[in-house]
Chemist: 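Below you will find the structure I want to go over with you.
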Amino acid sequence: MYQHGVDRTSLDEVMAASGVSKSQLYHYFADKDALVLAVIILQAERVLDAQQPHLDVLDSLPAIRAWRDAIVRLNIVVHGRGCPLGSLASELANDSEPARKRLAASFAAWRDRIEGGLNKMRERGELAASADPCELAIALLTAVQGGLLLAKTTHSSRPLEIALDMAVEHVAKHLTTP
């Protein structure tokens, strides 16, 4: 589904790729929609895992910059194929309410991980009290998603680098010490 999209992937192709029979497939998934929800869960786990160990330690500006560098390197490693979650969201969000909700929850979990590090910075007094860690996390995640989309479209990591650099500098403007 990541390679061909949900609409262009048949259950017969899923069975062939996984080596299971139709009865086995339907034992675990009532229909293609149920399978798609499982794919979203799996892809969300993969996306978050691919950002480790950086994602769980975003509690300083150098750590955020290291995460930014890891995201750019990961984009290069996957040859600019974009974000699996972003691709699924683009394809499914307008047509499937259960898929949209699952994707929204996946992005929220990602945002929460980023926000956790920003909250630690705020607790230590490194992030201004006026800064909203949730909004900063959304800005960073939006930079990732928009940057990955343009990087995929242009076959260049430069849009991703620019978007992330701008978002990281926005966070830096909220630091209490330069």
Side-chain angles (χ1 to χ4, degrees), residues 1-58 67-68 70-119 133-157 159-160 163-164 167:
M1 289 186 184
Y2 178 50
Q3 291 176 342
H4 304 293
V6 173
D7 281 343
R8 291 179 288 170
T9 303
S10 71
L11 289 180
D12 288 336
E13 290 170 312
V14 171
M15 289 182 294
S18 62
V20 300
S21 68
K22 189 173 269 191
S23 64
Q24 289 172 311
L25 185 66
Y26 282 107
H27 174 74
Y28 292 101
F29 306 105
D31 54 22
K32 187 174 179 181
D33 292 338
L35 176 62
V36 167
L37 293 177
V39 166
I40 293 169
I41 292 168
L42 176 65
Q43 290 292 19
E45 290 171 3
R46 287 180 174 174
V47 165
L48 296 179
D49 288 348
Q51 296 173 65
Q52 296 304 342
H54 306 284
L55 187 59
D56 285 340
V57 292
L58 294 177
W67 171 72
R68 173 258 186 229
I71 295 282
V72 171
R73 278 192 309 274
L74 183 59
N75 181 61
I76 292 166
V77 167
V78 300
H79 306 290
R81 295 196 65 203
C83 176
L85 285 179
S87 295
L88 287 166
S90 180
E91 185 174 2
L92 299 169
N94 290 332
D95 298 325
S96 170
E97 187 62 12
R100 186 200 63 76
K101 286 181 179 179
R102 172 51 53 201
L103 286 158
S106 299
F107 283 118
W110 192 351
R111 180 210 58 225
D112 290 348
R113 302 282 270 286
I114 299 167
E115 184 180 354
L118 295 166
N119 277 323
C134 183
E135 287 189 3
L136 292 174
I138 291 169
L140 287 164
L141 183 53
T142 301
V144 170
Q145 286 302 304
L148 286 171
L149 177 63
L150 288 178
K152 179 179 180 178
T153 305
T154 62
H155 291 178
S156 168
S157 285
L160 176 61
L164 282 170

Chemist: Applying side-chain hydrogen bond (donor to acceptor under 3.5 Å, both in side chains), which residue pairs with at least one partner in residues 31-47 are found, sequence neighbours left out?
Modeler: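 Applying side-chain hydrogen bond (donor to acceptor under 3.5 Å, both in side chains) to every pair that reaches into residues 31-47, excluding sequence neighbours, yields nothing.
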
Chemist: Determine whether V144 and L164 make a side-chain contact, defined as any pair of heavy atoms from C-beta on separated by less than 4.5 Å.
Modeler: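 A side-chain contact under 4.5 Å exists here.
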
Chemist: Any side-chain heavy atom of L160 sitting closer than 4.5 Å to one from L150?
Modeler: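 Of all side-chain heavy-atom pairs linking L150 with L160, none is under 4.5 Å.
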
Chemist: Going by side chain to side chain donor-acceptor pair (under 3.5 Å), name the residues that satisfy it together with S23, two or more places apart in sequence or in a different chain.
Modeler: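 With sequence neighbours excluded, S23 shows a side chain to side chain donor-acceptor pair (under 3.5 Å) to S21, given in chain and number order.
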
Chemist: Search all heavy atoms of T9 against all heavy atoms of G5 and return the closest pair with its distance.
Modeler: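 It is OG1-O, 2.6 Å.
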
Chemist: Indicate yes or no: at least one non-hydrogen side-chain atom of L35 is less than 4.5 angstrom from one of L11.
Modeler: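 Yes; the side chains approach each other to less than 4.5 Å.
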
Chemist: With Q51, which residues qualify under side chain to side chain donor-acceptor pair (under 3.5 Å), at least two apart?
Modeler: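 With sequence neighbours excluded, Q51 shows a side chain to side chain donor-acceptor pair (under 3.5 Å) to W67, W110, given in chain and number order.
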
Chemist: Are P98 and L37 side-chain neighbours, meaning at least one heavy-atom pair lies under 4.5 Å?
Modeler: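 When only atoms from C-beta onward are counted, L37 and P98 do touch, with a gap below 4.5 Å.
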
Chemist: Which pair of heavy atoms, one from A139 and one from A167, lies closest together, and at what distance?
Modeler: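 Reported closest heavy-atom pair: O-CB, 4.0 Å.
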
Chemist: What I'd like to find out is whether the side chain of S87 reaches to under 4.5 Å of the side chain of K152, using heavy atoms alone.
Modeler: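 The answer is yes; the side chains approach within 4.5 Å.
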
Chemist: Taking only residues at least two apart or on different chains, which pairs with a member in residues 75-104 satisfy salt bridge (charged side-chain N to carboxylate O under 4.0 Å, His left out)?
Modeler: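 The answer is E97-R100.
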
Chemist: I need the minimum non-hydrogen distance between Q52 and R113, along with the two atoms involved.
Modeler: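 So the minimum-distance heavy-atom pair works out to NE2-NH2, 3.0 Å.
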
Chemist: What heavy-atom pair brings C83 and Q145 nearest, and what distance separates the two atoms?
Modeler: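 Between these two residues, the closest heavy atoms are SG-NE2, 3.3 Å.
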
Chemist: With sequence neighbours left out, what residues match S157 under side chain to side chain donor-acceptor pair (under 3.5 Å)?
Modeler: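 With neighbours one apart ignored, the set is N75.
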
Chemist: Tell me, please, which residues at least two apart from E135 pass side chain to side chain contact (heavy atoms under 4.5 Å, CB included).
Modeler: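 So E135 forms a side chain to side chain contact (heavy atoms under 4.5 Å, CB included) with D132.
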
Chemist: Please walk me through it: do I114 and L55 pass side chain to side chain contact (heavy atoms under 4.5 Å, CB included)?
Modeler: CA-CA 7 Å; I114 299 167; L55 187 59; 4.0 Å; yes

Chemist: Do I40 and S106 come close enough that some side-chain heavy atom pair is under 4.5 Å?
Modeler: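 I40 vs S106: side chains touch.
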
Chemist: Under 4.5 Å between any side-chain heavy atoms of I76 and R73, yes or no?
Modeler: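 No - every pair of side-chain heavy atoms lies 4.5 Å or more apart.
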
Chemist: Would you compute the distance between atom NE2 of H54 and atom CZ of R68 and round it to the nearest 0.5 angstrom?
Modeler: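 Between atom NE2 of H54 and atom CZ of R68 there are 12.5 Å.
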
Chemist: CG/L140 to CZ/R111 distance, rounded to the nearest 0.5 angstrom?
Modeler: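 If we round to the nearest 0.5 Å, L140:CG and R111:CZ are 12.5 Å apart.
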
Chemist: Can you measure from CG (L74) to CG (L148) and round to the nearest 0.5 angstrom?
Modeler: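 If I round to the nearest 0.5 Å, the distance is 8.0 Å.
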
Chemist: What closest approach, in Å, do G86 and F107 show between heavy atoms, and which atom pair accounts for it?
Modeler: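 The pair with the smallest heavy-atom distance is N-CZ, 3.9 Å.
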
Chemist: Of all the heavy-atom pairs spanning A137 and L118, show the shortest one and how long it is.
Modeler: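 The answer is N-CD1, 3.6 Å.
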
